[in-house]
Structure formats: structure tokens, C-alpha cells
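Everything numeric in this text was worked out from a predicted model, so none of it was measured. Convention: sequence-line order gives letters A, B, ...; per-chain numbering from 1.
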There are 2 protein chains.
Amino acid sequence: MTQTAHTSTSPGKQMLSEQVYTHLRDAIMRGDYAPGDALKPQSLAKEQGVSLAVVRESLVRVVGEGLADRLPNRGFAVPAFSDRRWQEIAEARRTIEPVMLRMSIERGDVDWEARVRAAHHRLARTPAYVPGEGEYYSDAWAAAHRDFHRTLLEGCGNPVLLETFDRMWIASELARRWSAHRRPERDGAPEHRRLEETALARDADAAAEVLTQHLTMTAVALTDRPHHEPSVDA
Amino acid sequence: MTQTAHTSTSPGKQMLSEQVYTHLRDAIMRGDYAPGDALKPQSLAKEQGVSLAVVRESLVRVVGEGLADRLPNRGFAVPAFSDRRWQEIAEARRTIEPVMLRMSIERGDVDWEARVRAAHHRLARTPAYVPGEGEYYSDAWAAAHRDFHRTLLEGCGNPVLLETFDRMWIASELARRWSAHRRPERDGAPEHRRLEETALARDADAAAEVLTQHLTMTAVALTDRPHHEPSVDA
DNA sequence: ATCCCTTCAATAATCGATTATTAGTGTTAT
DNA sequence: ATAACACTAATAATCGATTATTGAAGGGAT
């Protein structure tokens, strides 16, 4: 018998499609699948122990977020971003985020300031690379990084703009996951510190300039690199 | 009887979910359902003569585009935008589109100029209201209107930014559909003409200013109005 | 009469099986 | 030997039916 238990206490009261969606989303972002890999509903259904409909629904959502491509009658696949596509994403961020940052600096209240400080503190104290682990950024750092950038912009107070940021961030991270190899020579920490300083000093011009530079550097770091194989294992 | 039949005339070989998705999308945008209305998979499936899975998949896509809300375990519904939400959408457009327009003016080539002229011509020659029809903008005018605004921005050459525009335009149109009643006193034609003129004259400052004004006027036109019942019967 | 508990119908969510399309494999005619 | 065609697995897309959840209606107990 399935418990009609009293709501709250039990943790698992979520739609299956939601769980599967989250799992799939994270797996793609984490790089569990290589770009171009087919996302086969049958395999996924078996792995997750759910029906095709659930997997299919999740895949459609994932496609909507730009984390997968859909080829009519040929199924779903992990998107393979071209360098061109990546540059377009980076340019879009350079176009929109500095403007949002200006709004944020103009409107942010004391609570926003506090959250910026907190987010920067967490970011600065989180190691970007786990020694033993793979060669990529740690999950914790990636989360702290996103949180810092988002918090900076949250002062603008406009959910629509923040949704746009979220969307571009996701695309950006996915592209980075597959383009970037660790570049020890690039250290974003000073840039983040200057972002925090200028933002809290309410110096919109300086902050916007720093952010633009930061985004440009990131884009350059991903493009200006020797060719490398798209091959992946693990 | 399974269809998939020789779809009569056209060589159209399209997935059912695509057709249903398009139909649903258009129906919501056209205002066939009132805000808050439940979108019941069973009813829709029967109407369209397809299975639940297909309708469900379409609904998930529609939710992804912001054209429907999903209430866990309580189904789907047409979103009911608050005035606050609408203002946020309008502000987001005012924040992003002028910047895109500047890029467009700076980068657009001769072909872009030609397409701007063509789009404006079509918009200017399309009657906004069909005399006999309902009290709302004609479908043809709505399409021409969108096309003009999008073409203006297409010179920027960045698909990511244009996707953002598309997303915001959809939200904007949906809000307008349910907020706006015909306001004969507001005539956008002169503003559109000035937009075309300043853009083709490559006067980025003037064009951005005109666009900002245009968007502000539109937002005001939708907010500054007497209360009206959300009730609808169709 | 009000509140709480049970029962019940509507429908959301999920499943297992069916049909349709694609890409590959092998065959045959030139 | 090659190119067009038939055949065949693999799997994408769809369907019909089952299970689970919700909100409302009814039935005592205080």
C-alpha cells in the first residue's frame, strides 16, 4: 500500500517528470554526455526506471532551455556548440549584463549589498579546482560563481531580465564546459573582487566596464586556444 | 484508425506534437482562452483528435515559452499576468531593445536597410483593425508589426539576442491581448515612421530614443486605463 | 450549526504496448 | 565494381489504459 502520509515530513512528494528533468539537466551541464551524443528515451527510461512519457516530457523541457537539440523523427541530442555560437552567446551577455548591472547599482538596497558581499565571500573562499578530482571546475565553485554574478544583477529587481540572465548563463556554462580546459594563467578572482568593490561603491561606470572586460576575457580564453579533440571519456 | 495518412495535398510530413503545439500556441495568443482558464489535456486531446501524450508534450513546450502556467498535480492553465508582471516585461524590453537597435544601426548592411524599408511599407499599408471583425488588432497587422520591430533589430546579427527579443515579444503580445482595449487615440504609425527614418539615417541616438519612447508609450497605454472585468466568454 | 472525517467523482500523472520512420545491410542489375 | 533497390533491425512517435492526487459532497459527533 502506498502511504497517503501526512505531507510535510516525507521528502519524496514530487512529480517523476520533475525529478527526471532535474537529473537530465544536471547530467548535461555536468558533462556526463558529450556534445552530439544522442539522448535516447529508451535508455534513459530504463536507467531512471520510469516510462517513456516521463523521459520524453523531460527532454522537451530540456530542449526548451537550450540544453538539447531536437531533430524531428531523429530524436534528441546534446547540442554541439560551434565556436561561432559560443561567441554569439558571449556577445549577448556583454550586451545585456552591463546594462543590468547599471540598473542594479542604481536600485539595489542595503539587503542587496549584503547579499553581494556574502556571495563574493563564498566565491572567494571556494576552491575552483578540487585537487584530486577531474581537470574541471568543482561543482561548488561553479555554483558560487553563478550565484555571485546573479546576485550582482538581482538589484535590478526585474524578474524578466533575470530570467534572460539565467538562460544565457546556462548556455554559457555549457559552452564553457566543452570549450574550456583549465587555464591556470587566467585567474578571475581579482576581477570578481573589483566587481564587488565598484558595485558596492555605486560606481556604475566602473562596474559596467569591469564586467564587460570580465566577459570579454572569458570569451577570449575560450576561443583563443589551440585546437583540441572533442573526444571525451568518463 | 491511425492517421499519418498521405496528408492530402502537401508533402507535409510533420509530427503531430508540432501541429498541436502550433495550434495551442496560436489559440492562446489569439485569446481563444481567457487568462486563468484551465488547459485540460483530455479536452484538448479530444478536440484535436490526438492522444494525451501529444497534448501533454505540447503543453510542456508552451509552458517553456511562458504561454502557460503549470501547477503541479493541478494541471496547466493560461497565465494571468498581473499589472506588475506586464510592467516588468515592458521594462525589460526598454532595457534591451534600444541597445540592440544601436548595434543593428551600427552593423546593418544594405540588405538590412532594404528589409527595414519593406517591413515598414507592409506595416504602414496593413490596416490595424478590420472593420467588421472584433475590436482587436487584425492578425495581419500584428504579424506586420512584429516583423517590423524584429527586422529593425536583425541588423545586430546576433541570434541569441534575437531569441531574447522573440521571447519578450511573445510575453508582451499576450499581456497586450488581455490588457489593451482599442485606444483609437493612440496611433503608432508616426512613431514607426520615425523609427524607420532614424534607423536608415544611421542616427543611433535618435533611433534609440524614439524606440524607448515608443515602448514607454505602449506600456503607459496598457496601464493607465480604467479597470475592466477579466471576464471573458468566447 | 460547526467542524472533522470519510467517500467519491474528475482529472493529472504515469505506464505498457503499438505504429511509423530512419538508417543500415545485403542483393541484384548494369 | 558500383549504384539503385528491397529488406530489416533500431528507435522515435503515438496511443489506450492504469494509477494517483485533488477538491468537493455527504455524514456523524460535539
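One can place CG of A/Leu52 at 9 Å from C1' of D/dA12, the figure rounded to the nearest angstrom. Rounded to an integer number of Å, the gap from CG of B/Leu16 to C1' of D/dT14 is 7 Å. When rounded to the nearest whole Å, the span between CG of A/Leu71 and P of D/dA13 equals 9 Å. Separating the CG atom of B/Leu59 from the P atom of D/dT14 is a distance of 14 Å, rounded to the nearest angstrom. Atom CZ of B/Arg74 is separated from atom P of D/dG23 by 5 Å (rounded to the nearest Å). The interatomic distance linking B/Glu18 (CD) with C/dA20 (C1') rounds to 17 Å, in whole Å. Taking atom CD of residue A/Gln19 and atom P of nucleotide C/dA13, one finds them 14 Å apart after rounding to whole Å. Atom CG of A/Leu44 and atom P of D/dT11 are 12 Å apart (whole Å).
With salt bridges taken as basic N to acidic carboxylate O contacts below 4.0 Å, one links A/Arg56 and B/Glu57. Using a 4.0 Å cut-off between charged nitrogen and carboxylate oxygen, B/Arg115 and B/Glu154 count as a salt-bridge pair.
Mapping B/Gln42 and A/Ser51 onto DNA chain C via the closest heavy atom, the residue that lands nearer the 5' end is B/Gln42. In terms of position on DNA chain C, the residue among A/Pro72 and B/Lys40 whose nearest nucleotide sits closer to the 5' end is B/Lys40.
Side chain to side chain, B/Glu91 and A/Asn158 meet the donor-acceptor criterion of an N or O pair below 3.5 Å.
The side chain of B/Ser17 sits closest to D/dT14 out of C/dC15, D/dT11, D/dT14.
For D/dA13, one of the phosphate oxygens OP1 or OP2 lies less than 4.0 angstrom from a side-chain nitrogen or oxygen of A/Arg56. Taking 4.0 angstrom as the limit, A/Arg70 places a side-chain polar atom (N or O) nearer than this to OP1 or OP2 of D/dA13.
Seen from the ring of B/Tyr137, B/Arg176 counts as a face-on cation partner, given the 6.0 Å and 45° thresholds.
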